[in-house]
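Worksheet for the structure shown next.
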Amino acid sequence: MAKKMNLLMFSGDYDKAFAALILANTAREMEVDVTMFFAFWGLMLVRDPDKMTLEDKSTYEKMFGMMTPKGPKELPLSKMNFSGIGKSMLIEMMEDDNTPPLEAFLKGAQKKGVKFYGCKLSMEIMGFKQEEMVPELEIVTAKTYLEDALNSDMQLFI
Amino acid sequence: MAKKMNLLMFSGDYDKAFAALILANTAREMEVDVTMFFAFWGLMLVRDPDKMTLEDKSTYEKMFGMMTPKGPKELPLSKMNFSGIGKSMLIEMMEDDNTPPLEAFLKGAQKKGVKFYGCKLSMEIMGFKQEEMVPELEIVTAKTYLEDALNSDMQLFI
Amino acid sequence: MAKKMNLLMFSGDYDKAFAALILANTAREMEVDVTMFFAFWGLMLVRDPDKMTLEDKSTYEKMFGMMTPKGPKELPLSKMNFSGIGKSMLIEMMEDDNTPPLEAFLKGAQKKGVKFYGCKLSMEIMGFKQEEMVPELEIVTAKTYLEDALNSDMQLFI
C-alpha cells in the first residue's frame, strides 16, 4: 500500500511554503499520497491573485483580504524579510541556481495530484469565498483533516 | 484501539494555540486520545492569570514572569500582531462568525479529557511554579513526552 | 525493533534548536534512532563558526553567508530576542539552573550517534560548502529525507 504524507500548512511564509511544496512534489514522484491542509495564514498561498471579491464581506473581512498576501508571489519570508529585500535576495539566489519559483512548485503539486484541503472555519473567519481560491481547493472541516492525518505515515505542522 | 494524537505546544502564539485547541477538541469528539505537551513559550497558554507569585524567584525569573503573557487572553498573534491591533481585528472577525474565544476551547479541552503535560526543564528555566499554572497541568520530563509521542498516531510541533 | 524519530530542522532559532536537541539527546538515551535533517535557516546551526569561506561564491552568497548566524551561539530567539537582550537573559536563567549551553547539546547529539542530514538544495541556494559545516553533516536530497521520515515513528517540523 502507498505511503501517505499529510502537511498542515499554517504559516503562510514564502520559505516554509517552498519547503513544503518541494516535499509534496518529491513525495508524489515517489508515489506517496499527499494531502496539504491549508489553515489560517496558510490559506494565503492558495488564494487566486486575480479573483479577489469584496461582495458579501464585512468591513473587517474586506480590510483583511486587502492587507494580506494574495497567492504565492506575495508571501513574506519567515525570517530576514527586511520589507522584501531579504526575499528578493533569496529569489535571486534561487534563480542563480536555476531553482524554479514557488508558483512552479504549486502548479507541480496540483498537476501531480496532491490533495488540496482548505480549512472551513478559517475561510469563514477570514471571510474568504471559495471562488477567490485556486479551483483545486476543497473546503473541509477539522474532522476531515484529522481523519486524513491520523491515517498518514507522517504529518507536519508547517 | 483508540487513535492517539500528541501536540508539542512550543510557540505561545494566540493563532497557533487556537488551531491546536480546535484540533484537540475535535479529536476528543472523535474519541481520539490527545496529549498536549507545553514547553517554552507554550507554557504561557497554561499559566493561571490570577496566580502569579514572585516568591522564591531570581530577579530574572521575576522580570521574565512579568514581561511574558499570562494565560490565553494575553498571547500575541504569530503574524500581523501590530501591537495588538491585528489581534483585536481577528478576534472581532471571530465574534462576527460566532466562533468561541480561545479560553472556551482551552476549557473545552480540559473538560473533554485532553492530557496536559508541562515541560519540567522549561518550568525550571523560566522559574514558573506548579501553583501558577492551570491545575490540570502535570509536570513531566522530555522522556515522558517522547514515550507518549512515539506511541501516538500523529505528532505535531506547534 | 528500535523506535525512530525524525526532526526537520527548518527554523534556525536558538530556542527551537535547544528544544530539538534536548529531544534528540533524550531519545538517544532511550535507544531511539534519531535523524535531524537541516534545511534552510536550520543549516545555520550546523555551520562551523571557524570555517567560513568566500571562495567560489556569488556576491549574494557571500553577503548571505556573512549576514546569517554561524553556528549555535549566534542563533537568535524565535520570540523576545530584543536584539539579543532577551537571549542573554534566557541564557543567564539557564546558567542559574545549571542547564548546559546549546553547543553542549549539539556535541552530545553528535557523540550519541544522531544522524545529521543537510538539505542539498538549501546548501546550493545559500551557497554553503560542505567544508563550512560540521563534519558529521551528510548532504542529501529531499527524497532521502522523505524515505527516512516516512519510516519513522514520529516526525516534527521545527
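Each chain gets a letter, A, B and so on, in the order the sequences are listed, and its residues count up from 1.
Annotation: the span from C:Met93 atom CE to B:Tyr60 atom OH amounts to 9.5 Å, rounded to 0.5 Å.
Using non-hydrogen atoms only and a strict 4.5 Å limit, the part of residues 64-85 of chain B facing chain C consists of B:Phe64, B:Met67, B:Thr68. Among residues 96-129 of chain C, the residues having any heavy atom closer than 4.5 Å to a heavy atom of chain B are, in sequence order, C:Asp96, C:Asp97, C:Thr99. Residue-level contacts of residues 31-53 of chain C with chain B, in order of numbering, are C:Val32; threshold 4.5 Å between heavy atoms. Heavy-atom neighbours of chain C within the stretch residues 144-158 of chain B, taken at a separation under 4.5 angstrom, comprise B:Tyr145, B:Leu146, B:Glu147, B:Ala149, B:Leu150, B:Asn151, B:Ser152, B:Gln155, B:Leu156, B:Phe157.
Counting heavy-atom pairs under 4.5 Å between each of C:Asp15, C:Leu23, C:Ile22, C:Thr26 and chain B puts C:Asp15 at the top. Per-residue counts of heavy-atom pairs under 4.5 Å with chain B were compared for C:Met94, C:Met30, C:Glu95; the largest is that of C:Met30.
Contact annotation for C:Lys16: both backbone and side-chain heavy atoms come within less than 4.5 Å of a heavy atom of chain B.
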